**Student:** 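Shown below is the structure under consideration.
The structure presented is a predicted model; accordingly, all values stated were derived computationally and were not measured. Chain naming here is simple, since letters A, B, ... match the order of the sequence lines and numbering starts at 1 in each.
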There are 2 protein chains.
Amino acid sequence: MGKEVGISTDDDRQFTPGLIKDARKLVDSYPRVPITVDCVIFGFEENDLKILLIRSDLEIFKGEWSLLGDFAADNEDLDEAAQRVLQQRTGMHDVYLEQVKIFSKPDRHPGGRVLTVAYCSLLSIEHIKLDKIENELHWHKVTEIKSMAFDHKEIMMECYRWLQKRIQEHPLGFNLLPKKFSLRELQNLYEAILNVKLDRRNFRKKFFSMDLLIDTGEMEDDVPHRPGKLYEFDFAKYENTKRRWTGIDF
Amino acid sequence: MGKEVGISTDDDRQFTPGLIKDARKLVDSYPRVPITVDCVIFGFEENDLKILLIRSDLEIFKGEWSLLGDFAADNEDLDEAAQRVLQQRTGMHDVYLEQVKIFSKPDRHPGGRVLTVAYCSLLSIEHIKLDKIENELHWHKVTEIKSMAFDHKEIMMECYRWLQKRIQEHPLGFNLLPKKFSLRELQNLYEAILNVKLDRRNFRKKFFSMDLLIDTGEMEDDVPHRPGKLYEFDFAKYENTKRRWTGIDF
DNA sequence: GCAAAAGTGTTATCATTACACCCATGG
DNA sequence: CCATGGGTGTAATGATAACACTTTTGC
């Protein structure tokens with residue numbers, strides 16, 4: 001390879017056979033498309049996984065629910081666009097947010113070709129005041145959503161599957177819970193998201209053996225049974241100890 | 001929720017307060033950006049993970065290597081655009097291809113804002129005739145690539161990490177090998193991609209216990225040592241038996 | 001016959017599963 | 001005192017990791 005590099009670089013310097021000088025002109029010749037971001041915002045409340053939706057404001061989707069989205073502004077990074085949408089709708093910033101997938105079917109939008117990038121966000125419902133009650137913004141149980149505007153049902157399902165997988169590999173769940181939570185709440189969260197029943201003792205053993213839960217010394221309050229301890233997740237310790245995994249499994 | 005739906009739908013039907021009738025007009029008001037696809041095409045040859053690159057044809061990146069990309073044509077689904085790029089450059093179609101991530105930093109392209117969607121592709125090098133030797137199209141060892149045009153190094157590394165993770169969870173590796181392969185080749189592949197040494201006996205045990213390798217009855221040929229058996233991967237059986245995994249691990 | 005890699009089993013350790021009783025609280 | 005869920009341990013099973021010698025081929 002070294003040899004090829006040498007030769008061709010020397011040749012090119014003399015003749016620059018077909019090199020393009022004006023990058024801007026090149027880019028100007030590309031077709032352009034509108035691009036939006038859509039946020040799938042998950043929350044957890046009363047043992048149900050929920051998602052934040054508004055009514056679509058398109059006549060053609062009248063009555064249908066829609067993800068929170070907006071087009072990307074000029075020169076706006078898409079991650080920032082997604083953060084902006086979240087901020088505008090929920091007042092939250094610095095929220096857990098991750099890019100999931102771009103959806104590009106040419107006919108996915110009735111107004112013409114629009115690409116959209118799906119972002120997944122997790123937030124603790126109780127911390128949020130939905131001060132903007134525009135378009136009936138509110139939480140819906142994931143399991144009860146029947147149809148949505150555009151291809152938003154498909155986008156939501158893709159993000160839901162993404163969440164199911166991610167939560168088993170990374171400590172995302174804590175973003176959905178209050179800062180202090182009981183082990184029962186944590187288990188309910190996993191059971192709701194994964195749609196399985198888990199053994200309570202094994203679940204506790206698993207989490208305690210990770211040694212990433214900090215006992216706050218506080219207890220649950222206002223529960224009609226023996227109160228449980230409240231824990232915090234030790235994000236700092238997790239960052240320092242996360243391990244490299246090599247195991248073939250399929 | 002049922003109640004709210006009923007009320008607001010009724011109201012809307014009467015007044016349609018702010019509903020947008022002309023979706024096309026709405027979309028026309030969105031800003032538009034050029035969008036490209038870039039293919040990170042992995043191959044495996046002589047125990048090295050390789051990637052297919054060309055010379056950048058931009059003056060500003062003279063001498064630098066570039067991923068294979070092209071802008072998305074009007075009304076072209078991005079998955080199809082990526083397939084098209086692959087087809088045009090390698091002559092292959094129906095190749096393993098998966099969307100990885102969209103890159104959207106406003107300054108990632110010197111000619112102005114261009115978004116790009118990274119696609120990861122895996123193919124068996126020996127099956128390919130690179131009939132188009134334009135722009136010095138050829139294979140490079142992943143470990144030896146120092147710098148690239150645009151943000152392509154970052155894109156490549158993102159796809160490499162993606163591959164390292166995916167190959168442990170899904171039988172992607174077989175796309176990088178010839179149809180018939182020895183267990184040693186398979187292990188070399190895993191070792192090259194994951195950058196680890198694996199125990200030969202445990203590796204064999206693991207794969208045999210999956211019971212997804214078909215003994216072809218054939219043997220290696222032209223090797224300067226005892227020849228190994230050749231196997232095929234049983235894709236059909238895999239599709240029928242892949243299992244649902246529930247294990248919390250982070 | 002020598003070099004090089006193929007092929008092959010056992011043991012120890014660790015993680016996962018299944019499972020049942022007493023305890024603390026609110027009502 | 002009753003209902004509800006909190007809190008706890010053990011035994012069986014299955015997966016993973018470590019480790020060495022014999023066999024087959026080309027040269």
Side-chain angles (χ1 to χ4, degrees), chain A residues 46-47 167-169 171 177-178 180-192 194 196-232 241-250, chain B residues 46-48 167-169 171 177-178 180-192 194-232 241-250:
Chain A
E46 291 162 12
N47 294 343
I167 203 177
Q168 295 181 69
E169 298 175 352
L177 292 175
K180 298 173 184 180
F181 51 86
S182 69
L183 269 179
R184 165 57 55 188
E185 288 175 289
L186 185 61
Q187 183 173 344
N188 286 344
L189 174 69
Y190 273 86
E191 291 184 340
L194 299 177
V196 291
K197 278 278 160 212
L198 300 170
D199 181 273
R200 189 160 52 96
R201 275 173 297 185
N202 292 337
F203 184 85
R204 299 170 74 89
K205 210 190 311 172
K206 178 79 190 174
F207 269 92
F208 287 138
S209 73
M210 289 180 194
D211 204 27
L212 290 169
L213 298 180
I214 302 169
D215 188 339
T216 62
E218 297 171 57
M219 307 291 271
E220 282 180 303
D221 214 350
D222 291 325
V223 285
H225 54 76
R226 175 174 173 180
K229 288 188 178 182
L230 294 177
Y231 298 89
E232 288 177 19
T241 59
K242 53 184 166 188
R243 60 199 172 73
R244 176 155 156 72
W245 162 66
T246 309
I248 297 148
D249 242 335
F250 47 80
Chain B
E46 292 160 12
N47 294 342
D48 288 307
I167 202 178
Q168 295 180 69
E169 300 177 347
L177 293 175
K180 299 172 184 181
F181 52 85
S182 68
L183 268 178
R184 165 57 55 187
E185 288 176 290
L186 185 61
Q187 186 175 341
N188 285 344
L189 174 68
Y190 273 86
E191 291 183 341
L194 299 177
N195 196 30
V196 291
K197 278 281 160 210
L198 299 169
D199 180 272
R200 191 159 51 94
R201 275 174 294 188
N202 292 338
F203 185 85
R204 299 169 73 88
K205 210 188 310 172
K206 178 81 190 172
F207 269 92
F208 287 137
S209 73
M210 287 178 195
D211 203 27
L212 291 169
L213 298 180
I214 303 168
D215 188 337
T216 63
E218 296 170 60
M219 308 289 275
E220 282 181 302
D221 213 350
D222 293 325
V223 286
H225 54 77
R226 172 172 175 182
K229 288 188 179 182
L230 294 177
Y231 298 89
E232 288 176 18
T241 60
K242 52 184 168 187
R243 59 201 172 71
R244 178 154 154 73
W245 162 66
T246 309
I248 297 148
D249 242 333
F250 47 81

**Student:** Reading DNA chain C from 5' onward, which residue's closest nucleotide shows up sooner: A/Lys205 or A/Arg226?
**Tutor:** A/Lys205
**Student:** In whole angstrom, give the distance that lies between atom CZ of A/Phe207 and atom C1' of D/dT8.
**Tutor:** 18 Å
**Student:** Could you tell me how far apart B/Arg204 (CZ) and D/dT23 (P) are, to the nearest whole angstrom?
**Tutor:** 16 Å
**Student:** Side chain of B/Glu185, backbone of B/Ser182: donor and acceptor closer than 3.5 Å?
**Tutor:** yes
**Student:** Without decimals, in angstroms, what is the distance between A/Phe203 CZ and C/dA18 P?
**Tutor:** 16 Å
**Student:** Atom CZ of A/Arg184 and atom C1' of C/dT25: how far apart are they, to the nearest Å?
**Tutor:** 16 Å
**Student:** Using modelled atom types only, decide if a donor and an acceptor are shared between the side chain of B/Glu220 and the backbone of B/Gly228 within a distance under 3.5 Å.
**Tutor:** yes
**Student:** For B/Pro227 and B/Asn202, take the nucleotide of DNA chain C holding the closest heavy atom to each; which residue's nucleotide lies nearer the 5' end?
**Tutor:** B/Pro227
**Student:** For B/Leu198 and D/dC19, give me the distance from atom CG to atom P, rounded to whole Å.
**Tutor:** 15 Å
**Student:** Check every atom of D/dT25, D/dC19, D/dG7 against the side chain of A/Arg200 and return the nucleotide holding the closest atom.
**Tutor:** D/dG7
**Student:** Examine C/dC19: is either OP1 or OP2 under 4.0 Å from a nitrogen or oxygen in the side chain of A/Arg201? Give yes or no.
**Tutor:** no
**Student:** Would you confirm whether B/Glu232, through its side chain, and B/Lys180, through its main-chain N or O, come within 3.5 Å as a donor-acceptor pair?
**Tutor:** no
**Student:** Take atom CD1 of A/Ile248 and atom P of D/dA15, then tell me their distance rounded to the nearest Å.
**Tutor:** 15 Å
**Student:** Let me know, please, whether A/His225 or A/Met219 comes out on the 5' side of the other along DNA chain D by nearest nucleotide.
**Tutor:** A/His225
**Student:** Could you state the CG-C1' distance from A/Asp222 to C/dG26, rounded to the nearest angstrom?
**Tutor:** 11 Å
**Student:** Let's go through B/Phe203 and B/Leu186 carefully: what are the C-alpha distance in whole Å and the side-chain angles of both, what is the deciding distance for side chain to side chain contact (heavy atoms under 4.5 Å, CB included) to 0.1 Å, and is it a yes or a no?
**Tutor:** CA-CA 9 Å; B/Phe203 185 85; B/Leu186 185 61; 3.9 Å; yes
**Student:** Which heavy-atom pair separates B/Ile167 from A/Phe250 by the least distance, and what is that distance?
**Tutor:** O-CE2, 3.9 Å
**Student:** Round to a whole Å and report the spacing from CD of B/Gln187 to C1' of C/dA6.
**Tutor:** 12 Å
**Student:** Would you tell me if any nitrogen or oxygen in the side chain of A/Lys229 comes within less than 4.0 Å of OP1 or OP2 on D/dG6?
**Tutor:** no
